[in-house]
Structure formats: structure tokens, C-alpha cells
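The next block holds one structure in the form of C-alpha cells; read it before the comments.
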Amino acid sequence: MPATDLQPFLHDARLAVAAPSLCAARPDGRITEGADGFYHGDRRILSRLEIGVPGVPNAPIATAEDPDGHSVFVTVLRGLAERTADPATTLERRRELHAGRLVEHYTLHNAGGRTARLRLEIRAESDLATMDTVKAGRTGTPVTPTAGNGRGLSWQDGPLTAALTLTPAPHHLDPATGTLGYELELAPGQSWQAVLECTAEHRDGDLFPAVRSTPWSAPEVTGRDHHLAHWLTRSHHDLRGLLLADPLRPADTFLAAGAPWFLTLFGRDSLWAARMMLPLGTGLAAGTLRTLARRQGRAVDPVTEEQPGRILHEVRRAAQHLDTGSHLPPSYYGTADATPLWLLLLHDAWRWGLPAEEVEELLPHAEAALDWLERYADADGDGFLEYVDSTGRGLSNQGWKDSSDGIRFRDGRIAAAPIALSEVQAYAHEAAVKSADLLEAFGRPGADRWRQWAERLRDRFRDRFWAEDEHGRYPVVALDRHKRPVDSVASNLGHLLGTGLLSAEESALVARRLTAPGLDSGFGLRTLDAATVGFNPLGYHTGSVWPHDTAVAVHGLARAGLHEAAAPLAAGLVRAAAAFDHRLPELYAGHPRERYDRPVPYPASCRPQAWAAASAVLVLQALLGLAADAPGRRLWVRGRVPAGYESLRIDGLTVAGLPIGVATDHTGAVRLRAPEGFTVTTV
């Protein structure tokens, strides 16, 4: 297969995000190859941006990045104005990324003893390629620019326009080669500066516009220096960069799934991330719920897989042509889990203090979602939720492990659809029980019926989803089209915990599987047990580690009261975060910690990724055992945190918009300062 057909790697890229824009570059700042580029709204605005002096070697010597993604790159221009072996002439490239705008400040400084005479050239190209083209490793054709008033270049493709300008105006400009430059003379000690600005605009406006304010409080951990504190801080900044607004109501915000591949609304990802962030406020949850409710399915459409009550999978401006052969329409509904996850977020946001009037206005959407669970999600009437790609062009797997080989038997065979995933049954069970609580609290009918529905699902699950091997009983990952148990041991187990689907004994069996060496890599849970045929530590869903997946398991273990099992998995994530400079990627390799003292990157992973970043908050919540019932004015917290989290103070947590103060003393004992009128229960 030619290299141009391979998905570009990102593990060594410098990634900055200001949704709906992002910039990916080489470690020295150059935009030259692969997925490099300045992007806006899923289009690559600049596919090349280089600066240098022809015939003069560049020697990158320094790179710095601030929390908001602004970067500085320093290069020595070797041989210029030098009298000795000491470097004399440096070029500083200070990059800022804003929504729809990339700015670079250039400073050329001569610290040598001779005058530097040089021709500084900037080369810019644009292919205006779509994100699916870039992701598939296909090379876009450069678009021929036009000169813009002698100060820069501009490109256009239909309603999309991009413009690059230089201040001061360049001395020479050649649109045919995309070259702009200056003839300069710098005396010893002299500096010269210029500013490049590239802007992008779509005539119809952004599909999802940028956001100015953050709808959550900033988490802060003080006291002893701790990697959890650094992970929370970095995640806060990364999540701010991923925020987008609903153009139908710009006050409603949500998190794009990740950069660069998924910088848009994703039902599952946006819902999970918002649910993880609830201890910092309910504003993000409210915006996410309403944004998805406005796009909730209303009709049966086989092309988009829309169904009444269904919550969508993703939204793009244009159809996607994926390298797997799939062709996804701009609004695509092919997901089995987004609908129950929407119901869970609504309930949990209510419990964390979403105002009653905001909850009530969403209850008709909740009732439509519940109806989808019963009428459409169980196509064959066997009492389980299953999925199948009815178009032949959509996603063959429609849970969070949505790669084509993500659901497989222990002997390596790929499971055939329709597939009933174990975690989807767990989400649906919990959603039915919690929705019953909501319906009852707001005086709406159906609570008893949905509790009975959940009870029947739990009984069926216990009868059909459990298997046994030499290590004992465990829940299988799925049932295939013939209702055979897909008997692999996989990280999906962790999503069952704390949902009410399992008994205390069954939860303990799951905990033992999760903490065994086959799944626990030491840096988090592998997606597939290492003993499975086809296990690949670099397999997207067949052996890699996904931080959000482990965080969900950690929280589930805590909800089930299995704190001793949760602690080492949480510690593995904190270790991994430190190794990635506290910016956890979408996923990384599932090699054992005993073999490598740092997690091995998955080369094409998104970074930042919303639910990987938000996992920091979920892990903190699990370590504290923090839970809320704002309508009942109650809070729950653990009496003591695991070793390693002593002498910390946590600020920024809220319930019903009111601050919660948490501190741990030198013994690990937890002290919680609750808002007035709240009762605190220690568990």
C-alpha cells in the first residue's frame, strides 16, 4: 500500500485547538507533511507554512507552549553574522491560534558581530482538503492562490475563503509558488519583526461556532505537588479549546469530541464528557442535552439511520468518505448508546442541580428516547438492544468500539451483526431506572413500567450474557446475530459496574477481571485481554488503552463500593497523564508497564480528546466517592482517600451552582464543606 494511503501519524505533532479551528505542526513549528495544517471547520486552510533563508541551515533549539495552545519556536540561522562558533542570528516564531485565525509573530535578531544580509522567505500552500481526505492519508491538490493587494495570498473554494497577509508588506510575492519574502539587512544587535495572519471564513457561517465563556468552574488542587493536579489543570485548558456552540441557540455549548479528526458534535463523546464534568457545574450538560434534543430523531430514514427518539452519532457539514469504505451522511444516527447516555446525563444533571424548569422542558425528549429503547433499539423483539448497519455504507459497529474489528470472539473471529453489546444493556438498564425516578419526581406517568422493564432486562442479561472459563464466571462482551455469546474478555466489563445491572457478587467478579494482568496494563485498561487471539497492543479497539474507558471503570468500581480495586487503575491513569505532559491522548498502546516505563503512543491518536481530558474530573470524583442529590439536598463522600492523595485541597467543585470545599489531611481523611442546607453522608 503506498504511503499516501496510510492514515497520518500525530504522536510527534504540535497540536493546538481553538474550536472550530486547530493547528497541527512539526515539533519545530513547520507545517509541511502528513496531517500538518491550519484547519477550520473540517477543512485544511494551510497545508504548508515554512519560513527560512535559502541556503542557510535551520537549527531548531527551543519550543515552548502555554496552556491555551500559543507556541514559540526558536531557530538558529546557522552561519549568518557569525565570527566564532557561537550562534549569532535567531528567528523566533510566536504562534497564536484563534477561532478562524492563525497569527504568527516573527522576530529576527542579530546578536553577532557582523551585519547579516539575507533573503527571508515564507512559503504557504493550501489544498483546502476535507478532514476525511487528510485522515485517509490522501494528498490534496494545492489550490492556486491569488495575490491580495500585494500583501499576501488568498484561496477560495465555493463559499469557503482563506486569506494570508503579511505586515509589513513583503518585498516580493509569487502566487505561482506561494512564496513571499523580504530582503533584509540587520546590523549587529539589531532586530526585525513581521506579523503573518491567516483567516478562514465560510459564507454560510460555521457549522458550530466558537465559544467565548466556559460553562464550568475551574478545578484547582493545591497542597502537595501532585500529577492529578497538573492533569486537571491541563485538561481544563484543553476542554476550553474544544468548546463549540449550537448555532440554533448560541448560549448552548458542548464539547467537540477531539482534534484533529473529530472536531464536531458527537452524541456519545459529547454526552460522556459532559457527564464526567458535572461536579464542576451543570451548564455544559444543559447545553449538550439541548443541542442533541434539537436534533433528536423524528422520522424513519434508512439513509441516515434516523429513528423517532434516537440521539444522533455525529454531525458534519458534508458527507464523509472513510478509508474503510463507509460513507456517512452529514447527520448520521448510527449509534446504539447515545440515546440511553442522553437519558443518563439528564438524570445525573438533575441530581447535580440542573434547575427543575430546565429538566422539565427536556422531559418530552426523554419520553421519546425511552420509546426508542423499546420500539426501535430491540429490532427482533428478544428484549435486548442491538444494532446493525442497515445501509451497508455506515458503521458496522455502533457502540463506542466502532471499528470494524472491535467486537470479536476469544478465538479472534469477528462478531456478525445484529450485535447486542453488554455495556449498551447496562446503559439502558440504568437509564430506565433513573428515568423512572425523573418521571415520578415530575409527576409524569410511566415510572413503574420502566422499572419493570429494567428488571426484566437485568434478568435476561444474567441468563444470557454470563460465561465461564478457567478463571471463573464473567460477562461476555456481546451477543452476535445468532445470539451466541461473544466470549472475549474486554474492557467493556467496566461499563457494567454501578449501573444496577450486576449484583454485589457479580460486581466483585468483574473487579477481579479488570485488575488482572490481562486487562490492566499498569497505565490503564486494555480494550481486549492480552490472551485473546488477535490481541494487538496498538490495535484501535483490540488491545490499546483508552483513558475514558479506564476512568469509567474506576468510577463504576467506586459506585459499587469496590474502592480497593479502583485505586490502582486510577493510579495507572495518573501515571500515564504525567508521561504525556498531562495531556492524555484519545488512546495509547496496551504494552505492560513492566516492559516500558512510559506508555507507548498510538501514533494516529487525537490529542486533545474530550472524554480523555474530562476523565481527570471523573477520576477525582471516584477517588473522593463524591455523589450528589441536589433535589434532596444531600452529598456523599468517602471517609478516606487512597494513599498518595493526602494533604490536598480541591476547589472548583459545585452542586446546584454552590461551591463545595474538599480537603484531605496527612492521614488521607476527607473533610467536605457543603453548601448550607445540605446533609453530608460519609461512605
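Predicted model only: the values in this text are computed from it and were never measured.
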Is there a donor in the side chain of K401 and an acceptor in the side chain of T542, or the other way round, less than 3.5 Å apart?
-> no
Say whether S21 and H40, considering side chains only, have a donor N or O and an acceptor N or O under 3.5 Å apart.
-> yes
Non-hydrogen side-chain atoms of W611 and V552 separated by less than 4.5 Å | no
How far apart are the C-alpha atoms of V315 and F208, what are their side-chain angles, what is the distance that settles it, and do they pass the side chain to side chain contact (heavy atoms under 4.5 Å, CB included) test?
-> CA-CA 10 Å; V315 180; F208 295 110; 4.0 Å; yes
Mark yes or no for whether S605, through its side chain, and E586, through its backbone, hold a donor-acceptor pair below 3.5 Å.
-> yes
Measure the spacing between CG of L263 and SG of C606 and express it to the nearest 0.5 Å.
-> 9.0 Å
Compute whether any side-chain donor of one residue and acceptor of the other, for S235 and D238, lie under 3.5 angstrom apart.
-> no
Looking at L569 and T550, what are the two nearest heavy atoms and their distance?
-> O-CG2, 4.1 Å
Contact summary for I45 and S126, nearest pair of heavy atoms | O-OG, 2.6 Å
Can a donor-acceptor pair be found between the side chains of N397 and Y387 at a distance below 3.5 Å?
-> yes
Y596 and F523: ring-ring contact (aromatic ring centres under 6.0 Å, His included), yes or no, with the steps?
-> CA-CA 10 Å; Y596 300 104; F523 293 116; 9.3 Å; no
Worked check of side chain to side chain contact (heavy atoms under 4.5 Å, CB included) between L519 and V489 = CA-CA 8 Å; L519 283 179; V489 176; 3.9 Å; yes
After noting the C-alpha distance and the side-chain angles of W272 and W400, does the key distance pass the ring-ring contact (aromatic ring centres under 6.0 Å, His included) rule?
-> CA-CA 11 Å; W272 260 124; W400 82 263; 9.8 Å; no
Within the side chain of S488, is there an N or O that forms a donor-acceptor pair under 3.5 Å with the backbone of A490?
-> no
Does the salt bridge (Lys or Arg N to Asp or Glu O under 4.0 Å) test come out yes or no for E121 and R123, once each step is laid out?
-> CA-CA 6 Å; E121 285 193 351; R123 186 180 174 197; over 6 Å; no
Main-chain N/O of V477 paired to S422 side chain as donor or acceptor, under 3.5 Å = yes
What distance separates F38 CZ from T199 OG1, expressed to the nearest 0.5 Å?
-> 7.5 Å
F266 six-ring face occupied by R268 cation (under 6.0 Å, within 45°) = no
Quick check: does any side chain N or O of D337 sit under 3.5 Å from a backbone N or O of V424, one acting as donor and the other as acceptor?
-> no
Nearest-0.5 Å distance that lies between atom CG in L525 and atom OG in S491 | 6.5 Å
Would the number of heavy atoms belonging to other residues, nucleotides or ligands and lying under 6.0 Å from CG of D581 be above 12?
-> no
Just checking, any donor-acceptor pair under 3.5 angstrom between side chains of T288 and T291?
-> no
Specify the closest pair of heavy atoms between W155 and P145, including all atoms of both residues, with the distance to one decimal.
-> NE1-CB, 3.3 Å
Assess whether ring-ring contact (aromatic ring centres under 6.0 Å, His included) is satisfied between H226 and W231, documenting all intermediate values.
-> CA-CA 9 Å; H226 201 286; W231 182 21; over 10 Å; no
Should R14 and E65 be marked as a salt bridge (Lys or Arg N to Asp or Glu O under 4.0 Å) after you check the CA-CA gap, both sets of side-chain angles, and the distance that decides it?
-> CA-CA 9 Å; R14 286 275 173 174; E65 185 177 32; 3.5 Å; yes
When you check the side-chain N and O atoms of Y332 and E305, is any donor under 3.5 Å from an acceptor?
-> yes
Write down the atom of A614, the atom of A273, and the distance for their closest heavy-atom approach.
-> CB-O, 3.9 Å
Side-chain heavy atoms of P219 within contact of L280, under 4.5 Å = yes
Roughly how far apart are S544 OG and L538 CG, rounded to 0.5 Å?
-> 8.0 Å
Among side-chain atoms of H548 and D269, is any donor-acceptor pair under 3.5 angstrom?
-> no
Inter-residue atom distance I31.CD1 - R26.CZ, 0.5 Å rounding | 10.0 Å
Return yes if some donor-acceptor pair links the side-chain N/O of D520 with the main-chain N/O of A516 below 3.5 Å, else return no.
-> no
Contact summary for Q156 and L128, nearest pair of heavy atoms | C-CD1, 3.9 Å
Answer yes if the side chains of Y602 and H11 hold a donor-acceptor pair under 3.5 Å, and no otherwise.
-> no
List the steps, then state whether side chain to side chain contact (heavy atoms under 4.5 Å, CB included) holds for R95 with F73.
-> CA-CA 8 Å; R95 175 176 294 158; F73 308 96; 3.7 Å; yes
Is the side chain of W261 donor-acceptor paired with the backbone N or O of A604 at a distance under 3.5 Å, no angle test?
-> yes
Rounded distance (nearest 0.5 Å) linking atom CG of L265 with atom CG of D246 | 8.0 Å
Would you call R317 and D42 a salt bridge, using N to O less than 4.0 angstrom?
-> no
For R43 and L160, indicate whether the former's side chain and the latter's backbone hold a donor-acceptor pair under 3.5 Å.
-> no
Inspect the contact between D597 and R593 and indicate whether a charged nitrogen and a carboxylate oxygen are less than 4.0 angstrom apart.
-> no
Show your reasoning for whether salt bridge (Lys or Arg N to Asp or Glu O under 4.0 Å) applies to R48 and E50.
-> CA-CA 7 Å; R48 180 176 298 275; E50 295 182 277; 2.7 Å; yes
Say whether D549 and H495, considering side chains only, have a donor N or O and an acceptor N or O under 3.5 Å apart.
-> yes
Any side-chain donor paired with an acceptor under 3.5 Å for Y333 and Q398?
-> no
Among D28, I51, L196, side chain to side chain contact (heavy atoms under 4.5 Å, CB included) partner for R93 = I51
Sidechain-backbone polar pair: T532 side chain, F535 backbone, donor-acceptor under 3.5 Å = no
Non-hydrogen side-chain atoms of F580 and P601 separated by less than 4.5 Å = yes
In sequence, state the C-alpha distance, the side-chain angles, and the governing distance for H70 and H105, and then conclude on ring-ring contact (aromatic ring centres under 6.0 Å, His included).
-> CA-CA 11 Å; H70 299 339; H105 300 265; 9.5 Å; no
Between P20 and A99, the two heavy atoms sitting closest are CD-CB, 4.1 Å
Return yes if some donor-acceptor pair links the side-chain N/O of T89 with the main-chain N/O of L80 below 3.5 Å, else return no.
-> yes
How about R94: does its CZ atom have over 12 heavy atoms from other parts shown lying under 6.0 Å from it?
-> no
Begin with the C-alpha distance, continue with both residues' side-chain angles, and end with the deciding distance and a verdict on side chain to side chain contact (heavy atoms under 4.5 Å, CB included) for R413 and R408.
-> CA-CA 5 Å; R413 288 175 296 128; R408 58 173 64 211; over 6 Å; no
Do H237 and R234 have side-chain atoms, one donor and one acceptor, less than 3.5 Å apart?
-> no
Any chance you could lay out the salt bridge (Lys or Arg N to Asp or Glu O under 4.0 Å) test for R526 and D529, step after step, and finish with the verdict?
-> CA-CA 6 Å; R526 299 183 179 95; D529 188 278; over 6 Å; no
